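Each remark here refers to the structure printed beneath this line.
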Amino acid sequence: MLASPRAPPTVTAQPQESWESMLPGPPSRNNFGSADLSPHGLMAFPSGSSISIVDTRSMQLLSSFPIPPPPSSAAPFVTALRWSPLPLSRHLLSSEPSSNHLLLAAGDRQGRIALLDFRLKSAILWFDTDSKKGVQDLCWAQARPDSYLLAAINGPSTLSLYNVSTGRCFWKYDASPEYLSCVRRDPFDSRHICAVGLRGFLLSVVLLGDTDDAVVIKELQIPTDSSELAKFERDATAGSSTSAVVSPAAAAFPSYVARLAFSQQWRHILFVTFPRELVVFDLQYETVIFSTALPRGCGKFLDVLPDPSNEWIYCAHRDGKLSTWRRKTGEQAHSMYSLEELMPSVGTSVPSPSILSVLLCLSDSTFQNIGKNYSDVPSSPYLREDFDNPFDFCYESNIVSKIHLISISDDGKIWNWLLAAEGLADTQKDDKKLDLVNDDHKVSVPGASSNTLASSSGGRDLNVGRKWDGCNNNRSRLQSSIFDQEEISMKMSLVGQLQLLSSTVTMLAVPTPSLTATLARGGNYPAATVPLVALGTQSGTIDVVDVSANAVASSLSVHNGTVRGLRWLGNSRLVSFSYTQASEKSGGYINKVVVTCLRSGLNKMFRVMQKPERAPIRALRTSSSGRYLLILFRDAPVEVWAMTKNPIMLRSLALPFTVLEWTLPTVPRPSNDQTSGASDEASKLSKTSSSDSKGSSTEGSHDDTSESFAFALVNGALGVFEVHGRRIRDFRPKWPSSFVSSEGLITAMAYRLPHVVMGDRTGSIRWWDVVTGHSSSFNTHREGIRRIKFSPFVPGDQSRGRIAVLFYDNTFSVFDLDSPDPLANSLLQPQFPGTLVLELDWLPLRTDKNDPLVLCIAGADGSFRLVEINNVNDKRSGYALHIRNTKDRFRSMPICCPILLPSPHALALRMILQLGVKPSWFNTCSTTIEKRPHLLPGTPSPTGDLRTYMINIPPLGDSVVPEMLLKVLEPYRKEGCMLDDERAKFYASIVDKGCAARFAFAATIFGESLEALFWLQLPRALKHLMNKLLRKHPPKESTAAPISNLDNETSLLSRLSSKGKPTEETGRDALSQGQLRLLAFDREDLWKTASERISWHENLEGEEAIQKRIHELVSVGNLEAAVSLLLSTPPESSYFYVNALRAVALSSAVSRSLHELAVKVVAANMVRADRSLSGTHLLCAVGRYQEACSQLQDAGCWTDAATLAARHLKGSDYARVLQRWAGHILHTEHNIWRALILYVAAGALQEALAALREAQLPDTAAMFILACRETHAEIVSNLGIPDEESSSSVNDELLNLRALDPKNEDVFAVDEYFGQYQRKLVHLCMDSQPFAD
């Protein structure tokens, strides 16, 4: 019935992968603006008590599912969401594949917290929460290398930590009387989280373990004006007996929001927004280093989002605007230079919808880093531009950066914005003529790279760093320094939108056109049944839902108030009504009846009155042909209208109707070759009914010209009228011999020739055959009946009497009136606990008796759902409830999100991307996706040796495995649901740029951005190691000049650019801004970073701040400034003598040996007195930098030790500092990727391999060896060492990385481990059935 025309024949859905089809209502402020975007591009956001998952690349709804409600209670609002940070598990040899990477933590208004499985759509763990005050925010924090803890803000001021394995709370902190607003995790240290309060209270928490005594906290205060909060607090407690607010901050003070965000580039830097203030806070100095008030004319701050690659931040405002703030050079001060609208004024209702939350797609910046890192590399032969394509023109602007931003508004819309920073060079003159450049806000950005390429399409083309051969080489190879003083323009464009239900659903209507219904555009063609459902909403819009795609096909603004009635006219027009009360003086009601054409979207009012009417409209009833309309009023006659092009009122019926229903379409006429008994019986029934009602008239004349409706009056009387042209007459039904009048008022009715079914307010159901006069009844023992709906009937059905009944208590049941005991075989409502049903109807799309019955349900939570109800063969078993399978869903485009594949298949694709596959493999050969063009050269062959697709077979692991994995992935490749065209083109541009580039791409695709940055830094780290070896054993003068200092360190490796690899200088430019600061190791990089921070603190006062400034100056080697600052210490300071001693020592130049001895003694004493920082300064004064670094590391100042070493140490001394730092990061901070890059830079390759094996990452260990060997071989080939010198002991260490030698035991173990992993992966892939979506 709902099968997609594109449903893949080879891809099946697993049973556990199905769920009910559901469209959520719009999110609201009751959801606290919560939303989260995973690194894979999956966005989760709550709508009422449900959670929705959206693929932000294709802007399609993947699924919606409700959180189970508490016992005997309505489902509460979901108020907090966070995706699990766990990566795709590769522990295949020790455990079964899991979906932990798709776990979602959710909290609700009643204080419950659940861990939800995205694939099972259910809770796998409920946390032990004793608070019923609601959850404000959630955050993950890492306590051990393999596990995370969950931090939650419960109620107004409680921060709790939960063990995810047991669900128990092991630590709590009460911040009363502060109101905690949000909690975030530090990107530099995943053990560290910070929570901020509305009054500026800042709580810093470091997790050393998962026990109560392993939590280290620090309480800080951000000065801010909270006078407005005090007023809100008085208002909140004015009407209550208690003086304390018990609700979460977002519920108690919805218009007062405080948000914090960690800088993605600078450690210890926090961006904090209060409603009218932006603050930059330094956690190291524990002070505010910049604050600014909200600019005049701007709405209050809603959220703050730092750009991961550039020195600017984005701030969302409550009035629907987005401001961009740029950091001033040399200081942590920001100024606003652009203000854009997140809610376009065109096409929006009045008042304008509100923005609830905004999210940045951080993976975009990782792809840009990959592109920029290889921007100077010659273009890939696998990617040729097709200039026959009119959209692939040479766009000459220079994109500095671009990133996608997702915003959610309370009218059910999800907006996808592209934020682009473009350099304004002379090449844009032509663009201005083409109106491609807007007159936007401009700002100069130093050091921005220009090796970029603008997207020619509106989608996500992140291939910004690739050289375009079609353009002028000089222009495409602009040096990065060209934008040092160049201005850039910020441009924001809407590139995608997803429309969900626009408001709470009030009415539901399904099209049931009869054989006499014709197309709205005229002619005698019968109107086909369409898979559309119309939903009326509180806001006055009508949402038309395409049930085959589970998507809103169109959203039409029809009324200014609530839609109170909605019906179909045929299959392409809708009629709806609303009413408003007139002024109190005049009284009465203003009724508005509108006909809406779905083809044109035009609304046409009819029955327009000059004055208010005495009675409001109560309901609308349309005939199945769409020719007639009945308008029911409250205490007024019923009007009968002929719905022609200009509707005509035929007459009014002044009878006291209670309910009234048109007959549904009768059974479709069977074809001539149909001989089933059911079809013959249905045909006879149709003929009998027409002959009884029309006398001598033929069946054809009855079907084509007249329709009938049944009704009940206030006194319990029943009747059937027939409308023929403009005449209305009695249908003359056959009355039952013993007809008992209803005890209660008839409140619901359903009519399909020849049966009339009635329900009353006592819960009784009666049915009557108007042809034979037979009747019967039973009592449901429930509350009054509100709706009765006949199920669709097709030839071959065993029962014509299936009905869905909606009761006044908003529950429903399904009965079979043909069964001996309808009540015993009824299907009650077990599927929606805690959710009330407002409206229901059957989906009239059945064409075969084997098609399932589908109920359309409008829930009180604002959602729309489809539920399949299949009749089992054994009637004693009643009905069985089934949920729609995802394979039946139509997709306008494939969902290209590899993380959604079964875990073994996702790992197989990851390995294929890493090993290198020809881009033409991504060109689908399926005929089901004809709209998708082949953007990559080469046509894949459905048969033949799949190994030809591989670029090369690696020397590690099993050589047969890649071909087997390609066979496993073949169903996905045929359907084009692995990589979209843009990602496939980007892969084609870097696939031959070396294995490190492919590894970084694969890691980013699967959401592991830190691993991707590790692969980008690995070649630089190896070159750093080779430079150290060259300084130790310089080759002969004729071969290579010795490298003596940092300035000419890059001269040796500059020759690598001829081979197409990024040079040290290129890498440094990329490192100067962006996420790569997370993995900095180079001496110059560390020193530059530390020097940059010094200027931020020049204006800070206070003794503690001065001591930290001295420490920074000594670390970077600026002793003159340090001495000047030391001598400025006033005598009354408690630091006077210590500072004087350090000043003398630092400026001394006499008695070196004696001075050294004295300083060592003093330094040792200072260490014992907990003055370790002062002791290190004295050691620096006498050149004992190695010991100073050791003391700093003992004191926990790891970054400072690295900075000091970067300035003063070289060779093995510097390597020892890096190696010890790596050990700390690996074992204490649990950040394996930062540790690995430091191990490589220190030359400890064996330790790096050991870390990968200990983390059970066999594939990464093998790829690490491949990347190191490839980079090392390239470095050696560029050194130009003659063959006669290659065997000398001097060059042996340069030419051979002994730690990665194939004969090395560790390398051999990695090879064996990787082979086992591959074989286990193949077995798991063979055992898993592929499925789409």
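Computed from a predicted model, the values in this text were never measured in an experiment. When reading the values below, keep in mind they use all heavy atoms of this one structure, side chains included, and skip hydrogens, waters and symmetry mates.
Sequence neighbours left out, the pairs with a member in residues 269-290 that pass ring pair (Phe, Tyr, Trp, His ring centres under 6.0 Å) are F271-H334, Y285-H1097.
A salt bridge links D130 to K172: at least one charged side-chain nitrogen sits closer than 4.0 Å to a carboxylate oxygen. A salt bridge between D117 and R119 is absent, with no side-chain N of the basic residue lying under 4.0 Å from a carboxylate O of the acidic one.
For the atom pair SG of C194 and NZ of K218, the computed distance is 10.0 Å after rounding to the nearest 0.5 Å.
Proximity of a side-chain donor or acceptor of S357 to a complementary backbone N or O of I408 within less than 3.5 Å is not detected. At distances below 3.5 Å, not a single donor-acceptor pair connects side-chain atoms of H1224 with backbone N or O atoms of A1222. Under a 3.5 Å cut-off, the side chain of W1198 and the backbone N or O of R1220 do not form any donor-acceptor pair. For the pair S49 (side chain) and P66 (backbone), a donor-acceptor distance under 3.5 Å is absent. Checked by atom type and distance alone, the side chain of D210 never pairs as donor or acceptor with a backbone atom of A143 at under 3.5 Å. Although no hydrogens or angles enter the test, the distance criterion places a donor-acceptor pair under 3.5 Å between the side chain of N31 and the main chain of V78.
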Item to complete: Check the pair S176, S157 against side-chain hydrogen bond (donor to acceptor under 3.5 Å, both in side chains), reporting the backbone distance first and the verdict last.
Response: CA-CA 6 Å; S176 298; S157 55; 2.9 Å; yes

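Relative orientation of the W1233 and F1014 rings is tilted, given thresholds of 30° and 60° on the angle between their planes.
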Show me the donor-acceptor pairs within less than 3.5 Å that the side chains of residues 249-258 make with the rest of the protein, sequence neighbours left out.
none

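One side chain, R259 or S181, offers a donor N or O that lies under 3.5 Å from an acceptor on the other.
Minimum heavy-atom separation, P27 to P46: CB-O, 3.3 Å.
Using a 4.5 Å heavy-atom threshold, the side chains of W83 and P39 count as separate.
When ring centroids are compared, F1006 and H101 stay outside the 6.0 Å threshold. Ring pair F301/H317: centre-to-centre distance below 6.0 Å.
Remark: of the listed residues L81, L138, L115, L81 is the sole one forming a side chain to side chain contact (heavy atoms under 4.5 Å, CB included) with L104.
Under the rule for a side chain to side chain contact (heavy atoms under 4.5 Å, CB included), the partners of S147 that lie at least two apart in sequence or sit in another chain are R144.
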